[in-house]
Amino acid sequence: MQELWKAFRLWPIYWRLGAQDVRLRFRRSSLGAAWIFLHMGLSVATIGVVFGGLFGQPLRDFLPSLAAGLIVWTFLVSAVTEGGAAFLHAEGYIKQIGLPIYVYCLRTVVAVTLNLLLTLPVFVVVAAVSGLVPGPGLLWFVPGLALLVGFAAACSLLLSFLVVRFRELAQVIPAAMQLAFYATPVLYPPEFLADRGLGWIARLNPLHHLLQVAREPLVRSRPADLDSYLVALGLLAALLLLAALTAWRLRRRIVYFL
Amino acid sequence: MIDLRDVSVTFDVRAPLPAARRRPWRRHEVRQVRALDGVSLRIAPGERVGVVGRNGAGKSTLLKVIAGIYAPGAGDVRVDGRVCPLFEFATGFEMEADGWANIRTRALLLGMDRREVEAKLPEIAAFSGLGEFLDLPVRHYSTGMFLRLAFSTTTAVDPDVLLVDEVMAAGDLGFVEQARARMDSMIERANIVVFVSHALDLLGGLCPRTLWIDGGRLRADGPTPEVLESYRREVLGSA
């Protein structure tokens with residue numbers, strides 16, 4: 001706990017490393033981080049045309065919801081995979097410089113959050129093109145975003161320990177997220193499930209609720225259902241509790257496993 | 001102050017089994033390697049302490065325990081003050097980023113705050129002698145240029161507790177005289193210095209006190225001339 005606080009106060013370090021991670025991913029490309037925006041924009045356009053057509057959805061309604069969903073989902077995936085690899089990727093740092101180890105978790109939180117902020121303009125463009133007029137309810141996006149960032153932090157604090165201890169997880173996590181993608185209404189509207197009596201798939205899926213707290217304010221300028229907030233908060237609390245337990249068991253030994 | 005009490009460190013090492021005992025489902029065994037074994041020592045403010053021992057004796061592990069990198073399996077470690085571990089030069093350097101960015105990152109990692117970094121930036125740049133190369137990505141640097149950049153940055157820190165591993169001994173650097181002076185000045189600024197080296201003559205001039213680590217145990221701890229003499233006798237005797 002004390003170490004977490006110490007790490008937290010080292011913001012110049014994790015901020016710098018996180019921002020550098022984003023920048024260096026596009027090293028030597030002239031468009032640089034704009035690729036993040038372009039890639040997301042092209043994905044939304046392609047998926048929008050194909051799936052919008054398949055589902056017979058008017059693009060005007062479908063595109064904003066798809067864009068918001070895809071942006072948030074991409075964030076969730078990188079929060080889980082990159083956050084989980086925080087210690088693994090920082091092995092050299094951890095073994096040579098005795099900084100509070102959680103600095104490297106916070107670094108991934110910075111990186112994935114910056115990534116999210118670079119893809120959000122895609123939604124703005126899509127919304128503008130679709131003639132979506134935002135209301136004051138758009139402000140609900142702020143607590144939604146806070147929950148997302150909290151989720152990224154909690155995931156990284158928990159998973160980065162486990163991934164180092166159990167190397168198989170590095171393979172399992174991306175596969176699990178791929179499976180979760182099919183069970184989460186991102187490419188298709190949540191109503192599709194409900195209409196076919198499959199509403200429970202989304203209801204029981206915590207990632208769906210996490211998606212909702214950010215997507216509803218963006219797309220409909222209103223808060224998500226209370227259930228979604230409760231599930232998101234519960235998930236956050238559970239992850240943090242597990243992270244605390246894991247850290248208690250593994251913190252002293254983690255360097256030996258690296 | 002540094003205070004170690006009865007500190008032990010054990011590594012689990014995954015070793016391949018010999019062919020005779022290997023099975024399709026069991027190819028490795030976990031062997032325990034004891035790197036430090038019941039080490040107790042106390043280093044007071046102002047002390048300069050050398051560490052000698054053969055390869056694999058546990059010298060680097062001792063430094064890493066003091067640096068807080070390895071938590072001991074048994075025993076207690078207490079260290080007061082800002083610890084600056086100098087085990088190598090390059091952690092934190094990014095080949096694709098330019099010289100300035102790398103100076104900033106490395107300096108932050110070594111414990112400077114942002115104001116300190118900005119204040120020292122011109123001096124670091126000047127000592128590196130890299131001039132306008134600092135605007136280029138580090139991947140364009142020669143090995144020597146890279147080393148100058150890393151060395152200049154690393155030695156700009158003001159540590160309380162300075163832990164130096166042998167690779168840092170300035171002898172290998174191209175710009176020896178200046179580098180030596182800068183290293184010495186850093187050591188002078190530090191409150192406590194623990195210095196691992198195989199260059200025994202260097203230790204004699206630098207550290208009044210020396211520890212001899214042998215097989216993970218503290219074999220001797222005393223005035224440098226005496227410890228070095230018995231160390232030399234044993235190493236040369238068995239050679």
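All of these numbers come straight from a predicted model, not from anything done at the bench. Below, all heavy atoms of this structure are taken into account, side chains as well, without hydrogens, waters or symmetry copies. In the text below, chain A, chain B and the rest are named by the order of the sequence lines, each starting its count at 1.
- A/F8 CZ: 12 or fewer foreign heavy atoms inside a 6.0 Å radius.
- Within 6.0 Å of atom CH2 in A/W73, more than 12 heavy atoms from other residues, nucleotides or ligands are found, so the atom counts as buried in its surroundings.
- Among B/V83, B/L110, B/L108, the residue making the largest number of heavy-atom pairs under 4.5 Å with chain A is B/L108.
- Interface remark: A/I101 contributes no atoms to any contact with chain B (heavy atom separation under 4.5 Å).
- Expressed to the nearest 0.5 Å, how far CD1 of B/I69 lies from CG of A/L258 amounts to 11.5 Å.
- Heavy atoms only, all atoms of each residue included: B/P85 and A/I97 are closest at CG-CA, 4.1 Å.
- Between chain B and the options A/L24, A/V103, A/L17, heavy-atom pairs under 4.5 Å are most frequent for A/L24.
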Can you pull out all donor-acceptor pairs below 3.5 Å that join chain A and chain B?
unit_1	atom_1	unit_2	atom_2	d
A/R16	NE	B/T105	OG1	2.9
A/R16	NH2	B/A101	O	3.0
A/R28	NE	B/E96	OE1	3.3
A/R28	NE	B/E96	OE2	3.4
A/R28	NH2	B/E96	OE2	3.1
A/K95	O	B/K64	NZ	3.0
A/R252	NH2	B/P72	O	2.8
A/Y256	OH	B/A71	O	2.6

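- For a residue to count as touching a neighbouring chain, one of its non-hydrogen atoms must lie under 4.5 Å from one of that chain's; by this rule B/P137 does not touch chain A.
- Other residues, nucleotides and ligands contribute more than 12 heavy atoms inside 6.0 Å of the CZ atom of A/F37.
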